[in-house]
Amino acid sequence: MSQTIRVALVGLGHVGRGFLTLMLDKKDTLASRFGLSIKLTAVADSSGAVLDARGIDPTLLLQHKLTHGGIGTFPYGGKPGLAAPDMVKRAKADLLLEASPVNMESGQPGLHCLRLALSQGWHAVLANKAPLVLAYQELSAAAAAQGKHLAFSATVCGALPVVNIGRRDHVAVRYAKIEGVLNSTSNYILTTMEAGKTYAEALREAQAEGVAEADPALVVDGWDTANKLTIIANSVLDFPCTITDVEVRGIRGIGPEDLRRARSQGEVIKLLAVALPLGAGYRLSVHPARLPLPHPLATVNGWEMGVVWHTDIMGVQFAKVDERGPIPTAAAMLRDVINISRG
């Protein structure tokens, strides 16, 4: 039995373009293994939008985006200046793919697009953390009221299925602790400084890789890690919270000497996210921590990310990923689309 799922995509940055690339590369696999065809019927970026219920050719769209920048001037139906929420209102789709830039001030335009899509009875798949951090409970309730799926495995450690493991596989588990290294850029900076570079040199290297933002505050001050911990708390721990409930301290005060001193004492310093049971809820924190070398997260180096779950009935579990570039995060979005299609 085969099915076609119509998708509308918001955001054509690295992850959005990565998803279109996977649509092309995995077309035959999706058809043969899952009986699934994905049809792109609408897409928006900051320059405008394209809508076509018959389907938009991802190859032509990618070529235009890379050559001309904005898709508002796409020769096959481009609409300059059409905002993403207006595209969602007009699109014929079954599922919204939200990959617009993270905006932690207002969550826009992603939050508005999600509200519209869910109210129209669409499923939603996110790579954008901001709407979940700002309005997880609202969006989750809206999806449940419509009987639709809100999927966001790409928002926490990209391809590493942190959210999926916690929600699906840790059945009836109580956690004594969850701890993780959730941001690859800050981890790369710490690893590079331990090798002898200064903070400024390590940050420049990360920016040269095209991963760190020109304004690195979201990463090095711990806020990206805190965003991910907030999503874990809401979705895995069933602990309603916002980022204001997370104690946050970043890595700006850490220098090469601190890292070398810790190593000489059999420890490493990592930017650690921790959820600890506290009363009826959890204490959530992000901070630089000294870990003994035998600790699983002490082995998470460079661009890697990792999580340790301390459970009551399933032991202590550890998973990590070495993830570089946008494709693994785009692949997590594709994973969510496939799982939604399978019910």
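Counting from 1, the numbers follow the sequence of the chain as shown.
In this structure, Y136 has its ring center closer than 6.0 angstrom to the ring center of F152.
The shortest non-hydrogen separation linking A130 to V102 is CB-CG1, 4.0 Å. Closest non-hydrogen pair, V308 versus H295, comes out as CG2-CE1, 4.4 Å. In plain terms, the two heavy atoms of S47 and G72 that are nearest each other are OG-N, 2.9 Å. Taking all atoms of both residues into account, the shortest heavy-atom contact from L134 to G107 is CD1-N, 3.4 Å. Residues Q146 and G121 share a closest heavy-atom pair of OE1-CA, 4.0 Å. Taking both residues in full, the closest heavy atoms of L229 and S285 are given as CD2-O, 3.5 Å, listed atom of the first, atom of the second, then distance.
Here the side chain of H64 pairs no donor or acceptor atom with the backbone of T59 at under 3.5 angstrom. The backbone N or O of R6 lies less than 3.5 Å from a partner atom in the side chain of D94, making a donor-acceptor pair. Although no hydrogens or angles enter the test, the distance criterion places no donor-acceptor pair under 3.5 Å between the side chain of D224 and the main chain of N183. Listed for the Q120 side chain is a donor-acceptor partner under 3.5 Å among the backbone atoms of V88. Panel note: side chain D52, backbone T41; no donor-acceptor pair is recorded below 3.5 Å. Within the 3.5 Å criterion, the main-chain N or O of T299 finds a donor-acceptor partner in the side chain of K320. Between the side chain of W122 and the backbone N or O of A93, at least one donor-acceptor pair lies under 3.5 Å. Judged by distance alone, with hydrogens and angles left aside, the side-chain atoms of Q108 form a donor-acceptor pair with the main-chain N or O of H112 at under 3.5 Å. Put simply, the side chain of H123 gets close to the backbone of H149: a donor and an acceptor are under 3.5 Å apart. No donor-acceptor pair under 3.5 Å is formed between the side chain of N339 and the backbone N or O of D336.
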Next item on the list: Could you give me the CA-CA distance, side-chain angles and deciding distance for Q137 and N234, then say whether side chain to side chain donor-acceptor pair (under 3.5 Å) is met?
Entry: CA-CA 8 Å; Q137 299 298 324; N234 277 281; 2.7 Å; yes
Note to self: Let's go through F318 and L297 carefully: what are the C-alpha distance in whole Å and the side-chain angles of both, what is the deciding distance for side-chain contact (heavy atoms from CB on, under 4.5 Å) to 0.1 Å, and is it a yes or a no?
What the structure shows: CA-CA 8 Å; F318 167 55; L297 292 174; 3.9 Å; yes
Notebook entry, point to check: Please walk me through it: do L284 and T230 pass side-chain contact (heavy atoms from CB on, under 4.5 Å)?
Noted result: CA-CA 8 Å; L284 307 173; T230 301; 5.6 Å; no
Note to self: I'd like to know whether Y199 forms a side-chain contact (heavy atoms from CB on, under 4.5 Å) with I254, so could you lay out the CA-CA distance, the side-chain angles of the two residues, the decisive distance to 0.1 Å, and finally the verdict.
What the structure shows: CA-CA 8 Å; Y199 167 82; I254 306 297; over 6 Å; no
Next item on the list: Could you check R115 against L139 for side-chain contact (heavy atoms from CB on, under 4.5 Å), going step by step and ending with a plain yes or no?
Entry: CA-CA 7 Å; R115 286 169 171 157; L139 295 173; 4.3 Å; yes
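Side-chain atoms of E179 and H310, non-hydrogen and from C-beta on, do get closer than 4.5 Å to each other. Within the 4.5 Å cutoff, the side chain of H287 has no heavy atoms near those of the E247 side chain. Between I231 and V133, the closest side-chain pair of non-hydrogen atoms falls below 4.5 Å. Between N301 and V268, every side-chain heavy-atom pair lies at or beyond the 4.5 Å cut-off. When side chains are defined from C-beta on, E205 does not count as touching I189, because their heavy atoms never get closer than 4.5 Å. A 4.5 Å side-chain heavy-atom check between L259 and T191 finds every atom pair outside the cut-off. L182 has its side chain out of reach of V286: every pair of non-hydrogen atoms, C-beta onward, lies at least 4.5 Å apart. Contact of the D238 side chain with the Y282 side chain is not registered, since no non-hydrogen atoms from C-beta on lie closer than 4.5 Å.
Applying the side chain to side chain contact (heavy atoms under 4.5 Å, CB included) test between L20 and each of L40, I56, D25 identifies L40 as the sole match. Screening K79, R17, K65 for a salt bridge (Lys or Arg N to Asp or Glu O under 4.0 Å) involving D45 leaves a single residue, K65.
For the atom pair CG (D57) and CD (Q63), the distance works out to 8.0 Å, reported to the nearest 0.5 Å. To the nearest 0.5 Å, the span separating OG on S32 from NZ on K26 amounts to 10.0 Å. With rounding to the nearest 0.5 Å, the separation of CE in M333 from CG in L95 is 8.5 Å. Annotation: the span from L118 atom CG to C113 atom SG amounts to 11.0 Å, rounded to 0.5 Å. How far NZ of K39 is from CE of M23: 10.5 Å, rounded to the nearest 0.5 Å. Expressed to the nearest 0.5 Å, how far CG of L150 lies from CG of L96 amounts to 10.0 Å.
One hydrophobic cluster, built from ILVMFWY side chains closer than 4.5 Å, cannot hold both L272 and L218; they sit in different ones. Residue L293 is not grouped with residue L271 when hydrophobic side chains (ILVMFWY) are merged at heavy-atom distances under 4.5 angstrom, including chains of intermediate members. No single ILVMFWY cluster, assembled from side-chain heavy atoms under 4.5 Å apart, contains both L66 and V43. Follow the hydrophobic side-chain contacts under 4.5 Å out from L132 and you never reach V337; the two are in separate clusters. By the criterion of side-chain heavy atoms lying less than 4.5 angstrom apart, applied directly or through intervening Ile, Leu, Val, Met, Phe, Trp or Tyr residues, V7 is grouped together with L36 in one hydrophobic cluster.
For D245, the salt bridge (charged side-chain N to carboxylate O under 4.0 Å, His left out) test picks out no residue, with sequence neighbours left out.
Ring pair F74/Y76 is perpendicular by interplanar angle, where above 60° counts as perpendicular and below 30° as parallel.
The closest side-chain donor-acceptor pair between E323 and T329 falls under 3.5 angstrom.
Applying the 6.0 Å contact sphere to CZ of R260 captures more than 12 heavy atoms from other residues, nucleotides or ligands.
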